[in-house]
Amino acid sequence: MTQTSENVTWLTQEAYNKLKEELAHLTGPARTEISAKIAAAREEGDLRENGGYHAAKEEQGKQELRVRQLTQLLENAKVGEAPAANGAVAPGMVVTIAFDGDEDDTLTFLLASREYASADVETYSPQSPLGSGVMGHRVGEDAEYELPNGKKASVKIIKAEPYSG
């Protein structure tokens, strides 16, 4: 799905289109809607004590931040194919690992940028300690990553399949 290398983000065509649609919505209908909310709240009078006005302005700020993030992401995006189902861990893969070789103590996650975070599966960035530790390893191999306390942890790659969405 995505892989960040320097400032380049790799996206599938589907992901690129989805993010492009979100940007179009935020810069079109959503901008018009928030402007109307601000104007309506402004007409209520004293802005210092107008909760609706301040909430709308805060919402506008968050929306504009997301517009800037999406614009930058899409400007630096390279569109390509989803990763191959060859058993190697790469961005866009759903990975299952076993901690310390204990196949009863497993974790399944999507290795991708936060743009792919979903309720279906936990998402880890390729730049995270776990993400960078398992990257490039194949099913059956052991991988090591650094814990926040500086110690090393070992995991075994149980499964790596392309994310289907």
Asks: With a 4.5 Å limit on heavy-atom distance, are the side chains of Met135 and Leu111 in contact?
Replies: yes
Asks: What is the distance from atom CZ of Arg66 to atom OG1 of Thr71, rounded to the nearest 0.5 Å?
Replies: 10.0 Å
Asks: Can you find a pair of side-chain heavy atoms, one from Pro162 and one from Met93, that are under 4.5 Å apart?
Replies: yes
Asks: So how far is it from Thr108 OG1 to Glu161 CD, rounded to the nearest 0.5 Å?
Replies: 9.5 Å
Asks: In Å, rounded to the nearest 0.5 Å, how long is the span from NZ of Lys152 to CD of Glu146?
Replies: 4.5 Å
Asks: Is the closest side-chain heavy-atom distance between Val155 and Tyr145 below 4.5 Å?
Replies: yes
Asks: Any side-chain heavy-atom pair from Ile158 and Val95 closer than 4.5 angstrom?
Replies: no
Asks: Which pair of heavy atoms, one from Ala24 and one from Pro29, lies closest together, and at what distance?
Replies: O-CD, 3.8 Å
Asks: Which atom names give the shortest non-hydrogen contact between Ala160 and Ala88, and what distance separates them?
Replies: CB-O, 4.2 Å
Asks: Show the nearest heavy-atom pair for residues Gly133 and Ala143, with the distance to one decimal.
Replies: O-CB, 3.4 Å
Asks: Would you name the heavy atoms of Arg31 and Val67 that are closest together and state the gap between them?
Replies: NH2-CG1, 3.8 Å
Asks: Could you please spell out the steps behind the side-chain contact (heavy atoms from CB on, under 4.5 Å) verdict for Glu64 and Leu26?
Replies: CA-CA 8 Å; Glu64 292 304 315; Leu26 289 174; over 6 Å; no
Asks: Answer yes when Glu58 and Lys62 have at least one side-chain N-carboxylate O distance shorter than 4.0 Å, and no when they do not.
Replies: yes
Asks: Any side-chain heavy-atom pair from Arg138 and Ile157 closer than 4.5 angstrom?
Replies: no
Asks: Are Lys57 and Ile38 close enough that some pair of their side-chain heavy atoms sits under 4.5 Å apart?
Replies: yes
Asks: For Tyr53 and Arg42, run side-chain contact (heavy atoms from CB on, under 4.5 Å): C-alpha distance rounded to whole Å, both residues' side-chain angles, the deciding distance at 0.1 Å, then the answer.
Replies: CA-CA 6 Å; Tyr53 174 80; Arg42 187 177 281 135; 3.7 Å; yes
Asks: Go through it in stages, so that I can follow the logic: the residues are Tyr124 and Val134, the test is side-chain contact (heavy atoms from CB on, under 4.5 Å), and I'd like the CA-CA distance, side-chain angles, deciding distance and then a yes or no.
Replies: CA-CA 11 Å; Tyr124 282 79; Val134 298; over 6 Å; no
Asks: If we only count heavy atoms from C-beta on, is the Thr96 to Leu107 side-chain gap below 4.5 Å?
Replies: no
Asks: If I take atom CD from residue Glu22 and atom OG1 from residue Thr27, how far apart are they, to the nearest 0.5 angstrom?
Replies: 10.5 Å
Asks: Same cluster or not: Leu65 versus Leu19, using hydrophobic residues (I, L, V, M, F, W, Y) connected whenever any side-chain heavy atoms lie under 4.5 Å apart?
Replies: no
Asks: Give a yes or no on whether the backbone of Ala41 and the side-chain of Asn50 come within a donor-acceptor separation of less than 3.5 Å.
Replies: yes
Asks: Minimum heavy-atom separation for Gly140 to Lys156, with atom names?
Replies: O-CE, 3.6 Å
Asks: Is Lys20 close to Leu74 at the side-chain level, that is, under 4.5 Å between some pair of heavy atoms?
Replies: yes
Asks: Indicate yes or no for a side-chain donor-acceptor contact from Thr32 to the backbone of Gly28 under 3.5 Å, with no hydrogens or angles considered.
Replies: yes
Asks: Using 0.5 Å steps for rounding, measure from the CD atom of Glu33 to the CD atom of Gln63.
Replies: 8.0 Å
Asks: Decide yes or no on side-chain contact (heavy atoms from CB on, under 4.5 Å) for Glu122 and Leu110, but give the supporting numbers first.
Replies: CA-CA 6 Å; Glu122 198 167 348; Leu110 170 63; over 6 Å; no
